[in-house]
2 protein chains.
Amino acid sequence: MGTAETAAGRGAPEHRHPREVPLQGALAALADPVRLILVRELAASRDWERSCGSFDVPVRKAALSHHFAVLREAGLIEQRDSGARRVNRLRRAEFDARFPGLLDLVLSEKPDRSIAE
Amino acid sequence: MGTAETAAGRGAPEHRHPREVPLQGALAALADPVRLILVRELAASRDWERSCGSFDVPVRKAALSHHFAVLREAGLIEQRDSGARRVNRLRRAEFDARFPGLLDLVLSEKPDRSIAE
DNA sequence: TAAACTGTTCGATCAACTACGAACAGAACC
DNA sequence: GGTTCTGTTCGTAGTTGATCGAACAGTTTA
């Protein structure tokens with residue numbers, strides 16, 4: 001059919017606005033090396049540019065899918081289905097309004113070399 | 001003997017300056033309900049005023065001791081032995097210099113009612 | 001000296017998190 | 001049609017973290 005807006009493996013992703021995210025949840029979401037990579041790479045990309053599989057992380061897709069779910073629940077990202085792939089955007093403004101400075105802190109920190117080891 | 005400056009159960013506590021604390025460690029330290037209470041109560045008290053046992057937290061002393069160790073390793077608090085008790089202070093300025101805005105975020109957030117349940 | 005108090009450490013338990021492979025489902029491509 | 005690509009879900013395994021009670025070691029008080 002015409003333009004595709006459907007899903008990949010299942011229904012549309014459930015989102016949570018940063019406004020409804022508890023501080024503890026936001027901190028926990030960011031206290032993980034893999035998710036930090038995702039957030040930083042996302043911040044360096046344009047909205048809706050990156051699909052889930054396009055990130056350079058040392059985990060397989062099952063774990064990756066889980067991490068994206070956590071970021072979604074923490075109000076950090078928004079996802080949209082585009083054909084077979086699911087594209088992402090960082091909720092910069094909304095998240096920063098809810099937790100002023102937190103995202104800046106994460107993004108200004110130079111990534112620690114070597115994730116595992 | 002004269003003035004006591006010794007320990008409670010063991011040697012002097014090991015500290016870590018916020019400068020040497022990784023962002024991930026700071027976030028993880030703050031992503032816990034008990035430790036959030038400790039930090040907030042500490043912020044509302046004067047330096048060296050509060051002993052470890054003087055906090056209103058729903059855990060026993062073994063767990064409490066562990067939480068203080070985590071806060072110490074995260075550069076969030078400083079401890080000093082004063083006779084039988086160990087007194088604390090929040091490293092406001094140093095921590096804020098290392099992670100600008102993070103502590104403010106934690107302290108401006110209204111404590112979520114009901115820690116467990 | 002003995003008892004009470006404060007806090008640490010040990011060992012065990014239990015819950016939560018992270019990870020993987022396999023199976024699945026829709027989209028795109030041949 | 002079938003194959004490949006993308007991502008989710010499931011079941012499971014390993015790791016980490018929080019918690020407790022008990023034992024311990026100083027300090028203080030009686």
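Per chain, numbering begins at 1; letters A, B, ... match sequence-line order. Values reported hereafter were calculated over all heavy atoms of this structure, with side chains retained and with hydrogens, waters and symmetry mates removed. As the structure is a prediction and not an experimental result, all values here were calculated from the model.
- In terms of heavy-atom proximity, B/A31 sits nearest to A/A28 at CB-N, 3.7 Å.
- In the set C/dG26, C/dT6, C/dC20, the nucleotide with an atom closest to the side chain of A/A62 is C/dC20.
- Atom P of nucleotide C/dG7 and atom CG of B/L64 are separated by 8 Å, given to the nearest angstrom.
- Linking ILVMFWY residues whenever their side-chain heavy atoms come closer than 4.5 Å, directly or via other members, places B/V57 and B/L36 in the same cluster.
- Comparing D/dT28, D/dT8, C/dG26 by their closest approach to the side chain of B/A84 singles out D/dT28.
- Nucleotide D/dG17 holds its P atom 11 Å from the CD atom of B/E73, rounded to whole Å.
- In this model, the phosphate group of D/dT6 is not approached by any side-chain N or O of A/S51 to a distance below 4.0 Å at OP1 or OP2.
- If you take CZ of B/F55 and P of C/dG7, they are 10 Å apart, rounded to a whole angstrom.
- Of the candidates B/D32, B/V34, B/L30, B/L30 is the only one forming a side-chain contact (heavy atoms from CB on, under 4.5 Å) with B/V39.
- B/V70 and B/I37 fall into different hydrophobic clusters, where Ile, Leu, Val, Met, Phe, Trp and Tyr are joined by side-chain heavy atoms under 4.5 Å apart, directly or via other members.
- Atoms CZ (A/R80) and P (C/dA27) sit 17 Å apart, rounded to a whole Å.
- Nearest heavy-atom pair, A/L64 versus A/C52, reported as atom, atom and distance to 0.1 Å: CD2-O, 3.3 Å.
- Between B/R60 atom CZ and D/dG21 atom P the separation is 5 Å, expressed in whole Å.
- As rounded to whole Å, 9 Å separates atom C1' of D/dG7 from atom CG of A/D81.
- Proximity of B/R85 to the phosphate of D/dT27: no side-chain N or O atom is located under 4.0 Å from OP1 or OP2.
- When the nucleotides D/dT27, C/dT8, D/dT8 are ranked by their closest atom to the side chain of A/R86, D/dT8 comes out on top.
- Distance CG (B/L71) to P (D/dA18): 10 Å, rounded to an integer number of Å.
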*Would you mind building the protein contact string for nucleotides 13-18 of chain C? One character per nucleotide, 5' to 3', B for base within reach (heavy atoms under 4.0 Å), S for sugar-phosphate only, - for untouched.*
-----S
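- Stem regions for DNA chain D, each three or more consecutive Watson-Crick or G-U pairs with both distances under 3.5 Å and listed by first number, read C:1-30 with D:1-30.
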Let me check something: any side-chain donor-acceptor pairs from residues 93-108 of chain A under 3.5 Å, sequence neighbours excluded? List them with distances.
residue, atom, partner, partner atom, Å
A/E94, OE1, A/R89, NH2, 3.0
A/E94, OE2, A/R89, NH2, 3.1
A/E94, OE2, A/R91, NE, 2.9
A/E94, OE2, A/R91, NH2, 3.3
A/D96, OD1, A/G101, N, 3.3
A/R98, NE, A/P18, O, 3.4
A/R98, NE, A/V21, O, 3.3
A/R98, NH1, B/E109, OE1, 3.3
A/R98, NH2, A/V21, O, 2.9
A/R98, NH2, B/E109, OE2, 3.0
A/S108, OG, A/D104, O, 2.9
A/S108, OG, A/L105, O, 3.3

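- Separating the CD atom of B/Q79 from the P atom of C/dG7 is a distance of 9 Å, rounded to the nearest angstrom.
- For A/H17, the side-chain hydrogen bond (donor to acceptor under 3.5 Å, both in side chains) partners are A/R19, not counting sequence neighbours.
- Residue pairs that meet the side-chain hydrogen bond (donor to acceptor under 3.5 Å, both in side chains) test with at least one member in residues 63-74 of chain A, sequence neighbours left out, are A/R35-A/H67, A/R72-A/Q79.
- Taking B/R50 as the reference, B/E41, B/S45, B/S54 meet the side-chain hydrogen bond (donor to acceptor under 3.5 Å, both in side chains) condition, with sequence neighbours excluded.
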